[in-house]
Each structure stands twice: as C-alpha cells, then as structure tokens.
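Letters A, B, ... are given to chains in the order of the sequence lines, protein chains preceding strands, and every chain is numbered from 1.
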Amino acid sequence: MLKVHLPDGSVKEYSHRVRPLDIAAEIGPRLAKATMAAQVDGRLIGADGLLPEDGELSLRLLTKKDSESLDVMRHSCAHVMARAVMRLFPGTQLAFGPTIDNGFYYDFQLEHKLSEEDFPKIEAEMAKIVKADEPFERVELAHDNARQLFAELGQTLKVEHLEDGLKDESQVSFYRQGEFIDLCRGPHIPSPGAIGACKLLSVAGAYWKSDSSKQQLQRLYGTAWFEKKELDDYLLRVEEAKRRDHRVLGRQLELFMIEPNVGSGLVFWLPKGAVVRRELENFLYGELIRRGYHPVYTPVIGNVRLYETSGHFPYYKDAQFPPIEMEDGDRYLLRPMNCPHHITIYQSKPRSYRDLPLRLAEFGHVHRFEQSGELNGMTRVRGFTQDDAHIFCTEDQVADEFRGCIEMTQLVLQTLGLDDYRVRLGFRDPASDKYVGNPETWDKAEAALTQVCGELDLPNVRIERGEAAFYGPKADFVVTDCIGREWQLGTVQLDYNLPGKQRFGLEYIGPDNAPHQPAMIHRAPFGSFERFVGVLIEHFAGAFPLWLAPEQVRVMVVSQKVEDYGRQVQKRLAEAGLRVTGDYRAEKIGAKIRDAQLELIPYMFVLGGREAEEGKVAVRDRLQGDMGAIPVEEAIAKLQTEIREKTIRHVVKGSAGLGHKTEANAY
RNA sequence: GCUAGCGUAGCUCAAUCGGCAGAGCAGCUGAUUUGUAAUCAGCAGGUUGUGGGUUCAAGUCCCUCCGCUAGCUCCA
C-alpha cells in the first residue's frame with residue numbers, strides 16, 4: 001500500500017504500482033496533459049517514473065507554471081537537437097548535453113564543421129521532431145547490456161563514459177525517442193510537443209570531459225521556452241545586456257581603450273575613465289588609512305631570484321612575460337605579484353611583536369601574460385593594478401585581521417551597490433601536487449578561515465576544493481554581472497607558507513625574546529582596478545553615481561545671449577569642487593539636452609533669461625527630467641550632499657543568470 | 001593555447017555573380033539665437049587589418065601572419 005500526500009493536503013492510497021501521470025489523470029485529464037514532471041519528497045522524477053509499491057511519500061505534479069519544469073523541458077530539447085543533428089549528419093558521436101542557465105548545450109564529435117549557416121537546417125529538423133511529438137521513453141539496462149548497445153550504435157564516447165565515469169553503476173538508464181537513443185539519467189518531459197519555442201544560439205569548441213589534453217568537440221548552445229513570447233523576451237534581454245557591455249560603453253563614453261599596436265590586454269585609461277578610477281582610489285585610500293594601513297611604493301620589476309624564492313616564477317612561468325636578460329647574467333621579471341616586494345620591506349629591519357600587525361598597502365601594477373583567448377576588455381588583461389595589501393601578524397591576530405579584511409571588502413561592495421555576489425572558499429585539493437607547504441599548515445589555515453567566515457554574515461559561502469592559491473587558502477568574492485557572467489573581484493588569502501623557512505623565513509621577536517614566524521594575509525577588496533571598473537561599467541550601464549561620474553553637471557544656455565551668466569555659473573560650480581562643463585554652442589536647447597542625456601551626465605543646469613535675472617538654475621535630472629529652477633547655491637548644496645553620501649539612485653537588480661536580469665537603468 | 005566566426009572612414013553599417021568603395025552619426029565651415037531628447041546647408045574624411053597568390057579585373061576567391069568576438073582550457 002502506497003500513501004501519497006499532495007500539496008493541497010489531500011492523501012491518496014494505492015494498492016497497485018502507479019506513476020505520477022496516473023495520479024494526474026485521476027485528478028483530471030487536463031492536469032494529466034499539463035504534467036511535465038513530478039517531485040517526490042523534493043526529488044525530481046519523470047511523469048512516467050514508477051512510484052514505490054509501499055510506504056508514504058509527498059508528491060508534487062509539475063506543470064509549465066513550475067520553474068523546475070523548464071529545466072526538464074530544456075534537457076528534452078537538448079535531446080531533440082541531438083536527434084536533429086544526427087539525422088542531418090550521420091555518424092555524429094554524442095558526448096554530453098546538459099541544461100545550463102537559460103538553456104542547454106550538447107557536445108558532438110562529427111566530421112562536418114558546424115557553423116551558424118547550419119542552424120536553420122537544424123532548427124527546421126527540430127521543429128519536425130517537436131511537431132511529431134513522439135514520447136520520450138525511459139529504459140533501464142544492466143551496465144554490460146548498455147555498453148554493448150552503445151558499442152553497436154557506434155557511440156564510442158558513451159562507451160568510454162560507461163567504462164570510466166559510470167563503471168560502478170550496475171544499472172544505467174537511457175531515453176529513447178523514435179530512432180534516437182541516448183544514455184541519460186533524465187528526467188524528461190512526456191513528449192517534445194510542450195517545447196513552445198527554441199533557438200540555437202552559438203557553436204563553439206569544448207574539450208571532451210573538460211580536459212584540454214583530450215580531443216575537442218563541437219558544442220551547440222540553444223535556449224528553449226514554453227511560450228514564444230518568453231523566447232522573444234529572453235532575446236531582448238540578451239540584446240539589452242550587449243548594450244551595456246563595458247567594452248562598448250567604454251568606447252562610447254571614452255572611459256578606456258586598448259590599442260593592439262601597443263599590445264593586447266594593455267589598458268589605456270582615458271581622462272574620463274581616469275576620473276572614475278581616481279575617485280575609487282581616493283575612497284579606498286581613506287579606508288586604508290582609517291584601518292591602520294601604511295601606503296608604500298615598490299618597483300614594478302625585480303630580480304628573478306625573488307620570484308624563485310616566492311615560488312611565483314616556477315609556478316607560473318608560462319603565464320608571465322619572459323624575464324629581461326642582462327649582459328651580466330642577471331634576469332629581471334616584470335612583477336606578477338606585489339607580495340615579494342612587501343615581504344622585502346618587512347625583512348628590511350628586525351621586527352618585534354609590538355610592531356604587529358604590520359599592514360603594507362600599495363596600488364601595485366603587475367603584469368601577467370594571459371593566454372590570448374582569455375583576454376576580455378578590462379576584465380581579463382595583461383597589465384593591471386591591484387588594490388593590494390599584505391598584513392604581517394602573529395598567530396593570535398589572524399582571526400581579527402582576516403575579519404577586518406572581509407568587512408572592508410563587504411563595505412566596498414555595499415558602497416557600490418554590488419549585492420549580487422557569493423563567497424568562494426578556495427581550499428587545496430589534497431590530491432594535487434600544486435601546493436607548497438605541509439598538510440598540517442594547510443589544515444590550520446583552512447580551519448582558521450572556515451571559523452572566521454562562519455562568524456560573519458556572508459552570503460552563499462561555498463567551499464571549493466582545488467581553488468586555493470598555491471601558498472594558501474582564500475576567500476574570493478565572486479560578483480555576477482549583467483549578462484550572468486561571474487567575476488572574481490575581491491579576495492582575502494591566508495598564507496603560512498611564504499613567511500615560512502622554506503620560502504622567505506620571516507621572523508619577529510616575541511615577548512619571550514625568541515624569534516617566531518609571522519602569518520601573512522594577502523587581500524584586495526577590488527581585486528584590480530581594471531576588472532573592477534569593467535564590471536562597474538556594466539553594473540551601472542555606464543551611468544555612474546554622482547560621486548563617480550566623470551562629468552557631474554553640464555551647464556547649458558538656452559541662447560548665446562546668456563552665455564556670460566552661464567560661464568559665471570560654471571565657474572562657481574568648479575570652485576565648489578564639482579566636475580562641470582558648459583555647452584554654449586549655437587544649438588537648440590533640445591539638442592544640448594539630448595547630447596548630455598546620451599553622455600549619461602547626471603545633472604544639467606539649463607539657463608535662460610529668467611534664470612539669469614533671478615540668479616537661479618533650472619535643474620534637469622538625467623533620470624527624472626526637469627526639476628524646476630532653484631538658486632545656484634541651493635543646487636550646489638544638493639549635489640554636494642549626493643556626492644558626500646555616495647548615493648546610488650538606481651541599482652541593477654542582481655540575480656543569478658541572464659534570464660532573471662531585468663532592465664533597470666533607464667538611459 | 002584550442003575550435004569556430006569576424007576584420008570596410010573616429011563610430012554604426014552598406015557595396016548584387018569578382019566589374020568605378022558608399023551612407024548615417026561624429027568632425028570642420030557657414031547660416032540660424034533657439035526654453036527641456038536631434039535647426040539647415042556645405043566641406044572633408046579610405047593603402048577595405050598585414051604580407052603574398054589567382055585573375056583582364058579582388059573589399060569580394062585562396063594562403064600566411066596580426067587582431068577581435070563566442071565558447072573551451074587557464075587565472076598567483
């Protein structure tokens with residue numbers, strides 16, 4: 001006897017084996033038709049999944065209205081796409097085809113080079129399959145039989161996966177739809193007729209089992225929705241996201257440029273971008289001084305020996321610009337990190353426990369030779385400036401110092417309205433030989449980090465093995481941008497290894513008059529100015545809050561007759577410390593306003609004969625339009641308050657994935 | 001680095017089958033003196049990423065290199 005609890009509180013009992021679909025049919029034929037999948041005690045299963053004979057369970061029938069159904073349908077759509085590709089290109093080998101945010105992909109191995117020109121053909125074939133609406137049938141087979149089946153079908157990648165990843169499974173499942181059979185855990189929707197609208201998005205290379213030493217496959221990306229309108233909305237959102245791409249806005253708004261004749265991945269900060277950066281630097285410097293950091297400046301190159309000691313050179317040789325070879329045999333490296341230089345300052349004189357914690361801060365420019373395919377606007381470059389600092393402290397001070405770093409990072413993100421982020425605790429992978437130091441030291445560092453993070457109110461903390469730096473574990477702040485990409489920005493890293501005897505052998509004299517080894521914390525709340533500003537441009541869609549805006553207010557005159565008054569007001573605003581320009585062209589006021597709106601200037605002061613007579617300015621707000629005329633000094637005070645308070649007047653509503661990103665910044 | 005696609009004026013893009021490189025915006029000059037998102041007219045702007053090849057003829061076809069884009073791999 002099986003007891004089934006339904007969400008409405010009702011309970012049904014069965015003495016025979018039933019499937020969710022049977023239960024749906026019992027409730028009503030419309031529901032049976034609408035059922036896409038089911039949830040049993042919170043676990044997703046297919047509508048045709050046989051429920052146990054005895055016991056008690058809670059069942060939810062999932063229809064198109066339930067968000068869980070969307071993923072199930074998209075996975076089915078991946079099968080439909082694979083079936084279409086196999087029909088069009090016989091001999092296609094199937095790899096993996098999972099669901100991702102807003103869509104799905106499928107990896108294939110085939111002779112034909114897929115390109116966007118093939119998309120219409122594939123989509124047409126998919127449409128036929130959807131229209132035919134043949135059911136997805138789940139079949140379970142013993143491991144050996146499955147292996148034999150896929151060997152006969154010539155699906156060698158699937159056979160390899162059965163022998164490798166699934167070698168311990170005694171029984172495996174696959175799904176059949178017409179002539180198409182695929183090894184698959186499921187679940188699927190009952191039949192593809194429910195796929196309302198789907199579209200192929202792109203094709204790209206991907207390595208078999210994510211291993212760059214293995215063969216490269218062709219990956220087709222697609223998206224699918226229950227309703228055509230949802231697909232259209234999604235495509236609109238993608239377009240909107242493209243418009244706020246920091247590379248596009250960076251050029252339009254003259255914030256930065258990258259000139260291939262100088263070098264890939266090397267950033268030029270143009271005057272307007274430099275203003276944004278300088279404001280951020282000033283903000284950070286204020287915080288650093290308040291928190292007892294000492295700013296330092298150190299060389300941007302150094303003898304290779306230094307980086308051999310730190311380990312950076314041997315570990316990241318291929319990702320660095322090659323050393324400069326001198327005639328006397330010395331070799332100098334463009335520094336890839338600032339820590340060895342700050343360590344050198346620490347070592348420059350004997351240190352007492354009374355000096356600790358010692359916090360050395362530097363906006364240090366570093367160079368790394370990133371692979372060409374990794375370069376991306378400001379977010380992945382070959383020369384960048386870290387808002388770096390290194391804290392040298394005693395064992396007892398580690399927790400407090402670490403907490404201080406996390407809090408400063410949170411303050412920074414909060415100040416800029418970046419609240420869509422998660423914290424990744426990067427720990428070592430015990431199986432890897434990438435890490436320096438002994439396991440006990442690592443365990444100590446990881447335990448300290450876990451404890452501190454546990455005490456703080458951090459969102460979405462997740463431990464990821466294998467994500468540590470080679471010298472220590474870290475807490476990375478990973479921010480999601482407007483098109484659903486994640487960027488590692490701030491980082492706080494705990495290091496017992498570089499100060500250790502095997503590396504730099506740092507010491508301080510303790511109260512017991514004996515030498516001790518200090519601990520080190522590496523931290524950067526922004527990560528790098530380049531990447532941070534890149535993400536910030538997308539976050540604000542180029543419309544910075546007043547305190548960051550390159551141009552805060554533009555004075556514009558209705559006619560050149562009031563130019564003198566305009567210049568007077570402009571001068572007064574500049575004296576008050578505002579970043580101001582004036583538009584005195586022989587243009588109509590509408591044209592001047594339009595230009596300023598497109599340049600995303602937060603405030604416009606419109607001046608005509610009336611304002612000149614009364615000593616006022618007509619304030620036009622970029623977001624709200626005409627605010628009416630007020631005295632000049634009142635307008636200045638209003639803007640100064642907004643600057644001082646770092647007000648954010650419009651925030652992108654962050655959420656995971658492009659599908660949920662909604663347009664928020666009107667511009 | 002790998003796979004695929006793409007490189008035309010400062011920007012966004014056009015150029016039929018291989019047949020005289022073109023438009024809008026921006027820029028410059030002149031006229032206009034304007035009240036809350038584009039006034040009008042004129043002028044100028046190019047070694048079609050680079051080097052080679054095929055052809056009577058190449059922006060267009062082929063090869064090399066460089067760069068960019070998407071994804072993969074990597075990220076101290």
Hey, which sits more toward the 5' end of RNA chain B by its nearest nucleotide, A:Glu116 or A:Gln488? A:Glu116
Given [N], is OP1 or OP2 found less than 4.0 Å from the side-chain N or O atoms of [X]?
X	N	value
A:Lys474	B:rA76	yes
A:Arg585	B:rU34	no
A:Arg554	B:rA37	no
A:Ser372	B:rG1	yes
A:Ser264	B:rC68	yes
A:Ser210	B:rU73	yes
A:Arg368	B:rC74	no
A:Lys561	B:rU34	yes

Between [M] and [N] - [atom1] atom distance, rounded Å:
N	M	atom1	result
B:rC72	B:rA23	C1'	39 Å
B:rG67	B:rC25	P	35 Å
B:rU33	B:rU47	C1'	45 Å
B:rC43	B:rC56	P	40 Å

Regarding [X], tell me which of base, sugar-phosphate or nothing describes its non-hydrogen contacts under 4.0 Å with the strands shown.
X	value
A:Ala618	base
A:Tyr207	base
A:Gln320	base

Could you tell me how far apart [X] ([atom1]) and [N] ([atom2]) are, to the nearest whole angstrom?
X	N	atom1	atom2	result
A:Glu587	B:rU33	CD	P	14 Å
A:Met556	B:rU36	CE	C1'	9 Å
A:Glu254	B:rG10	CD	C1'	10 Å
A:Ile258	B:rC68	CD1	P	8 Å
A:Glu464	B:rC75	CD	C1'	14 Å
A:Asn376	B:rU73	CG	P	16 Å
A:Leu200	B:rG5	CG	C1'	16 Å
A:Leu598	B:rA37	CG	P	12 Å

Exactly one of A:Phe427, A:Tyr496, A:Tyr471, A:Trp442 clears ring pair (Phe, Tyr, Trp, His ring centres under 6.0 Å) with A:Tyr435, and that residue is A:Trp442
N-O pairing of [X] and [Y] below 4.0 Å:
X	Y	answer
A:Glu370	A:Arg531	no
A:Lys474	A:Asp476	yes
A:Glu613	A:Arg610	no

From CA spacing to verdict: side-chain contact (heavy atoms from CB on, under 4.5 Å), A:Asp595, A:Arg585: CA-CA 12 Å; A:Asp595 287 347; A:Arg585 291 175 300 166; 2.8 Å; yes
